[in-house]
Amino acid sequence: MAKFTRLQVYQTMAGTGIVPVFYHSDAEVAKKVLKACYQGGIRVFEFTNRGDFAHEVFTNLVKWADKECPEMILGIGSIVDAPTAALYIQSGANFIVGPLLNPDIFKICNRRLIAYSPGCATPSEVGLAQELGAEIVKIFPGGNVGGPSFVKNIKGPMPWSRIMVTGGVEPTQENLSAWFRAGVTCVGMGSNLFPAEVLKNGEWHKITELCRESLLIVRGEILSLKK
């Protein structure tokens, strides 16, 4: 059962601005990465359903995080069908993210009051997701469907849209500024936040530093846009 309400999930996504996206088959590595992000100020984390027995790793992570990272909102990504969404909701997922839009997943999530951000790549898909109940819609793959200009052009005729973009997001001033100035609510960041060498060498403090630096950039952009 979800620890956080759907409203808390949306508010934290918007307030933090960054949702790390990560998968590892080793639960101990996943714990180290989650803790490093938590220490860097991250409060929403998307583990992805990418490998065999990923749900076992996720369940382990949820139980551990409840004590070690109590304010972290854990969700699951790469969900493409309703049965898998139900499995992870039962395992404690606070939100569901997918690379595509599946109306059946909305039925599961809405019944349990769980946030669902489906992957969309066209204005029609964004509109359908909103009609079905998505508060924050995922644009994916962000860097391939048009980058920041695509987000800006969606927000033009559909200014109420709240967008999380994943794919093509980098932890740099130039990249993050471009996305937030285009109008995203938050960004999902995967491999660029977790360099292979850093994971290999167990340099968890570097992940913490990347998170902290990225959050400073995002907060600066959010504040400047409010002026």
Side-chain angles (χ1 to χ4, degrees), residues 2 6 9-10 13-14 17-25 30 33 37 42 44-55 57-58 61 73-91 93-110 112 114-151 153-155 158 161-171 175 179 182-194:
R6 183 159 53 180
V9 171
Y10 290 139
M13 282 182 172
I18 295 176
V19 181
V21 179
F22 182 76
Y23 169 77
H24 202 284
S25 59
V33 168
C37 290
I42 296 294
V44 188
F45 189 98
E46 177 189 328
F47 188 74
T48 57
N49 180 46
R50 295 284 178 89
D52 292 338
F53 307 109
H55 65 286
V57 178
F58 181 77
L61 200 57
I73 300 176
L74 265 171
I76 187 70
S78 299
I79 301 301
V80 299
D81 56 61
T84 307
L87 171 66
Y88 278 99
I89 291 172
Q90 193 62 28
S91 298
N94 292 280
F95 62 92
I96 304 290
V97 181
L100 50 77
L101 189 163
N102 185 335
D104 289 337
I105 296 177
F106 273 106
K107 294 178 182 179
I108 296 289
C109 290
N110 289 341
R112 296 286 292 271
I114 299 292
Y116 172 39
S117 292
C120 301
T122 68
S124 294
E125 289 181 344
V126 171
L128 177 58
Q130 292 169 342
E131 181 181 334
L132 293 170
E135 179 72 20
I136 295 179
V137 175
K138 172 181 172 179
I139 297 296
F140 177 80
N144 299 92
V145 301
S149 65
F150 180 81
V151 174
N153 287 322
I154 288 286
K155 295 275 287 187
M158 303 164 69
S161 300
R162 305 184 80 191
I163 292 170
M164 172 172 65
V165 66
T166 304
V169 181
E170 302 170 7
N175 186 271
W179 286 116
V184 300
T185 295
C186 57
V187 297
M189 203 181 323
S191 58
N192 288 322
L193 199 58
F194 311 109

TODO: Sorted by first residue and then second, give each salt bridge (Lys or Arg N to Asp or Glu O under 4.0 Å) pair with at least one member in residues 93-107; sequence neighbours left out.
DONE: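 Matches after skipping sequence neighbours: Asp104-Lys107.
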Identify the two heavy atoms, one from [X] and one from [Y], that lie closest to each other, and give their separation to 0.1 Å.
X      : Y      : result
Ala134 : Phe106 : N-CE2, 3.6 Å
Ser91  : Phe58  : O-CE2, 4.0 Å
Glu170 : Asn175 : N-OD1, 2.8 Å
Val137 : Pro118 : CG1-O, 4.0 Å
Ile114 : Ala93  : CD1-O, 3.9 Å
Trp179 : Val187 : CB-CG1, 4.2 Å

- [ ] Show the numbers, then the answer: is there a side chain to side chain contact (heavy atoms under 4.5 Å, CB included) between Leu132 and Leu101?
- [x] CA-CA 10 Å; Leu132 293 170; Leu101 189 163; 4.0 Å; yes
Using only atom types and a distance under 3.5 Å, with no angle test, would you say the side chain of [X] pairs donor to acceptor with the backbone of [Y]?
X      : Y      : result
Lys155 : Ser161 : yes
Asn102 : Val80  : yes
Asn94  : Val44  : no

Task: Pairing residues for Thr185 by the side-chain contact (heavy atoms from CB on, under 4.5 Å) criterion, not counting sequence neighbours - done: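 Thr185 satisfies side-chain contact (heavy atoms from CB on, under 4.5 Å) with Ala14, Ile136, Arg162 once adjacent residues are dropped.
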Distance (rounded to the nearest 0.5 Å) between [X] [atom1] and [Y] [atom2]:
X      : Y      : atom1 : atom2 : answer
Tyr23  : Ile76  : OH    : CD1   : 10.0 Å
Leu87  : Asn49  : CG    : CG    : 8.0 Å
Ile42  : Ile73  : CD1   : CD1   : 11.5 Å
Glu46  : Lys138 : CD    : NZ    : 5.5 Å
Thr166 : Ile139 : OG1   : CD1   : 9.5 Å
Ser78  : Ile96  : OG    : CD1   : 11.0 Å

Task: Beyond-backbone contact of Thr48 with Val21, side-chain heavy atoms, under 4.5 angstrom - done: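 The answer is yes, as the side chains (C-beta and beyond) meet within the 4.5 Å cut-off.
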Open item on the list: When you compare the side chain of Arg6 with that of Asn110, does any pair of heavy atoms fall below 4.5 Å?
Closed with: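 Of all side-chain heavy-atom pairs linking Arg6 with Asn110, at least one is under 4.5 Å.
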Task: side chain to side chain donor-acceptor pair (under 3.5 Å): pairs with one or both residues in residues 114-128, sequence neighbours excluded - done: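 Checked against side chain to side chain donor-acceptor pair (under 3.5 Å) - neighbours excluded - no pair reaches residues 114-128.
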Task: Aromatic ring pairing His24/Phe22, orientation class (parallel under 30°, perpendicular over 60°, tilted between) - done: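 His24 vs Phe22 ring planes: parallel.
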